[in-house]
Amino acid sequence: MTASSPHSPAALLARDLRHGFAGSDVLHGVSLEVRSGEVVAVTGPSGSGKSTLLHLLGGLDTPQSGEVWWAGERVDTLSTQARAGRRAGRVGLVFQHHYLLEDLTVAQNVQVPALLAGQDGAARAHDLLARVGLAERGRDLPGVLSGGERQRVAVARALATRPAVVLADEPTGSLDRANAERVAALLLDLARQEGAGVLLVTHDDRVAARADRALHLLDGRIGEAVGL
Ligand SMILES: Nc1ncnc2c1ncn2[C@@H]1O[C@H](COP(=O)(O)OP(=O)(O)O)[C@@H](O)[C@H]1O
Ligand SMILES: [Mg+2]
């Protein structure tokens, strides 16, 4: 499913990414493309490099070789600071542990990426909280929310700036089955409605089955997953 024409640049493009750490090569040439409005799942065994890949795609780390492009702009060659500036507003991140700021209210947490991108974001935060079913919780501190509610706040926050790219690293990994399905459905529905390209790391086959395509990372290489 794509919301863009085949000729517009991919929301996210990786070419031949190679990366490793002292003593271990993790990625041996990973290429992938996510189009606007498309949801792609990435599965793979623990330690196969899924988080490493997501960090490279999100510009949180620089690949040893290869290219990363966001909406037609190459970003792996930028300085860390320049890339952080590009990321603000263009890339939304959701992690397994949602890293909410405990001293800010729920609404302020959702607003933070917009403020960092130089937008106000208050009305958008309000709208997103309503869409994840937390309209009444904006003034609460995160500490009083359940795990599933906190993850829904993290999903809203990732979409605060209407990013072209959403990267999610096992966003439902700490939730029970019912909440995991609910949060995954919310993330995917919202991102599709907004035309974001989504890359979602998951080891949950039911979550992966909700994606338009599933890729499997094994031995540092990526292939189309079968059987989903
Ligand atoms: N910052 C790091 N320093 C050294 N080794 C790392 C670092 N991050 C990940 N690794 C190693 O890279 C491999 C892949 O890790 P990771 O990307 O976290 O896998 P996954 O998310 O698929 O479980 C593992 O062997 C891990 O120990
Ligand atoms: Mg991981």
Side-chain angles (χ1 to χ4, degrees), residues 1-15 31-42 53-54 56-60 67-76 83-95 98 109-135 151-172 181-202 207-215 224 228:
M1 187 197 301
T2 58
S4 59
S5 93
H7 303 295
S8 61
L12 176 69
L13 177 69
R15 278 205 186 111
S31 299
L32 58 84
E33 183 180 300
V34 183
R35 304 208 62 87
S36 298
E38 186 184 33
V39 175
V40 177
V42 175
L53 175 61
L54 234 67
L56 298 178
L57 296 174
L60 303 170
E67 301 175 9
V68 177
W69 297 68
W70 296 336
E73 185 188 14
R74 186 169 176 187
V75 294
D76 58 278
R83 200 158 57 213
R86 291 290 196 293
R87 184 166 52 239
R90 286 182 180 76
V91 180
L93 301 167
V94 191
F95 295 102
H98 19 67
N109 266 279
V110 175
Q111 205 180 343
V112 162
L115 295 173
L116 290 175
Q119 307 166 6
D120 173 53
R124 171 81 171 158
H126 185 78
D127 175 49
L128 283 168
L129 281 174
R131 289 160 74 182
V132 299
L134 295 173
Q151 200 55 291
R152 278 146 64 194
V153 176
V155 165
R157 180 181 57 184
L159 296 167
T161 61
R162 300 179 195 276
V165 181
V166 175
L167 301 171
D169 195 354
E170 302 196 23
T172 60
E181 296 225 355
R182 178 146 193 233
V183 167
L186 264 171
L187 172 62
L188 302 190
D189 289 351
L190 280 174
R192 281 186 176 119
Q193 281 168 22
E194 307 241 318
V198 182
L199 196 81
L200 166 80
V201 169
T202 184
V207 171
R210 290 181 175 274
D212 299 307
R213 277 190 296 138
L215 303 173
E224 299 277 335
L228 287 171

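All heavy atoms count here, side chains included; hydrogens, waters and symmetry mates do not.
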Chemist: Quick check: closest heavy atoms across Val39 and Ala211, and the distance to 0.1 Å?
Modeler: O-CB, 3.5 Å
Chemist: Return the CG to OG1 distance between Leu186 and Thr172, rounded to the nearest 0.5 Å.
Modeler: 12.0 Å
Chemist: What pair of heavy atoms forms the shortest contact from Ala11 to Ala164, and how long is it?
Modeler: CB-O, 3.5 Å
Chemist: If you look only at pairs with a residue in residues 152-163, which of them pass as a salt bridge (charged side-chain N to carboxylate O under 4.0 Å, His left out), with sequence neighbours excluded?
Modeler: Arg162-Glu194
Chemist: If the condition is side-chain hydrogen bond (donor to acceptor under 3.5 Å, both in side chains), which residues does Glu73 pass it with, not counting sequence neighbours?
Modeler: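 Here the qualifying residues are Arg86.
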Chemist: Which residues pass the salt bridge (charged side-chain N to carboxylate O under 4.0 Å, His left out) test with Asp127, sequence neighbours left out?
Modeler: Arg131
Chemist: Under the side-chain contact (heavy atoms from CB on, under 4.5 Å) test, which residues partner Arg210, sequence neighbours left out?
Modeler: Glu181, Ala185, Leu188
Chemist: For Ala158, check side-chain contact (heavy atoms from CB on, under 4.5 Å) against everything at least two apart and list the hits.
Modeler: Val94
Chemist: Do Leu93 and Leu60 have side chains that get closer than 4.5 Å, going by heavy atoms?
Modeler: yes
Chemist: With the side chain counted from C-beta on, respond yes when Val201 and Leu53 share a heavy-atom pair under 4.5 Å apart, and no when they do not.
Modeler: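 Side chain of Val201 against side chain of Leu53, heavy atoms only: no contact under 4.5 Å found.
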Chemist: Check salt bridge (charged side-chain N to carboxylate O under 4.0 Å, His left out) between Asp76 and all other residues, then give those that pass, not counting sequence neighbours.
Modeler: Arg74
Chemist: Nearest 0.5 Å, please: how far is CG in Leu128 from CD in Gln111?
Modeler: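 Going from CD on Gln111 over to CG on Leu128, the span is 11.0 Å.
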Chemist: Specify the closest pair of heavy atoms between Trp70 and Leu57, including all atoms of both residues, with the distance to one decimal.
Modeler: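 Closest approach of Trp70 to Leu57: NE1-O, 2.8 Å.
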Chemist: Give the table of side-chain donor-acceptor pairs shorter than 3.5 Å for residues 114-121, with sequence neighbours excluded, one pair per line with atom names and distance.
Modeler:
residue	atom	partner	partner atom	Å
Asp120	OD2	Ala122	N	3.3

Chemist: Would you find more than 12 non-hydrogen atoms of other residues, nucleotides or ligands less than 6.0 Å from Arg213 atom CZ?
Modeler: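 Enclosed.
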Chemist: For the CG atom of Leu13 and the CG atom of Leu32, what is their distance to the nearest 0.5 Å?
Modeler: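 If I round to the nearest 0.5 Å, the distance is 7.5 Å.
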Chemist: Look at the side chain of Arg87 and the backbone N and O of Gly58, then say whether any donor-acceptor pair between them is shorter than 3.5 Å.
Modeler: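 Side chain of Arg87 to backbone of Gly58, a donor-acceptor pair under 3.5 Å: yes, one is there.
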Chemist: Return the set of residues passing side-chain hydrogen bond (donor to acceptor under 3.5 Å, both in side chains) with Arg15 (not counting sequence neighbours), or none when no residue passes.
Modeler: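 Partners of Arg15 under the side-chain hydrogen bond (donor to acceptor under 3.5 Å, both in side chains) test: Glu67.
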Chemist: Which residue in the set Leu200, Leu159, Leu199 passes side chain to side chain contact (heavy atoms under 4.5 Å, CB included) when paired with Val166?
Modeler: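 For Val166, the side chain to side chain contact (heavy atoms under 4.5 Å, CB included) test succeeds with only one of Leu200, Leu159, Leu199, which is Leu159.
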Chemist: At their closest point, which heavy atom of Arg83 faces which heavy atom of Val75, and how far apart are they?
Modeler: CD-O, 3.1 Å
Chemist: What's the verdict on side-chain contact (heavy atoms from CB on, under 4.5 Å) for Leu12 and Val91, showing C-alpha distance, side-chain angles and the deciding distance?
Modeler: CA-CA 10 Å; Leu12 176 69; Val91 180; over 6 Å; no
Chemist: Apply salt bridge (charged side-chain N to carboxylate O under 4.0 Å, His left out) to Glu33 and list each qualifying residue two or more places apart in sequence or on a separate chain.
Modeler: Arg35
Chemist: Answer whether the closest heavy-atom distance between the side chains of Pro171 and Val155 falls below 4.5 Å.
Modeler: no
Chemist: Please report the shortest heavy-atom distance between Pro163 and Gly92, naming the atom on each side.
Modeler: CB-N, 3.5 Å
Chemist: Is the closest side-chain heavy-atom distance between Val40 and Asp212 below 4.5 Å?
Modeler: no
Chemist: With sequence neighbours excluded, tell me which residues meet side-chain contact (heavy atoms from CB on, under 4.5 Å) with Ala130.
Modeler: Ala135
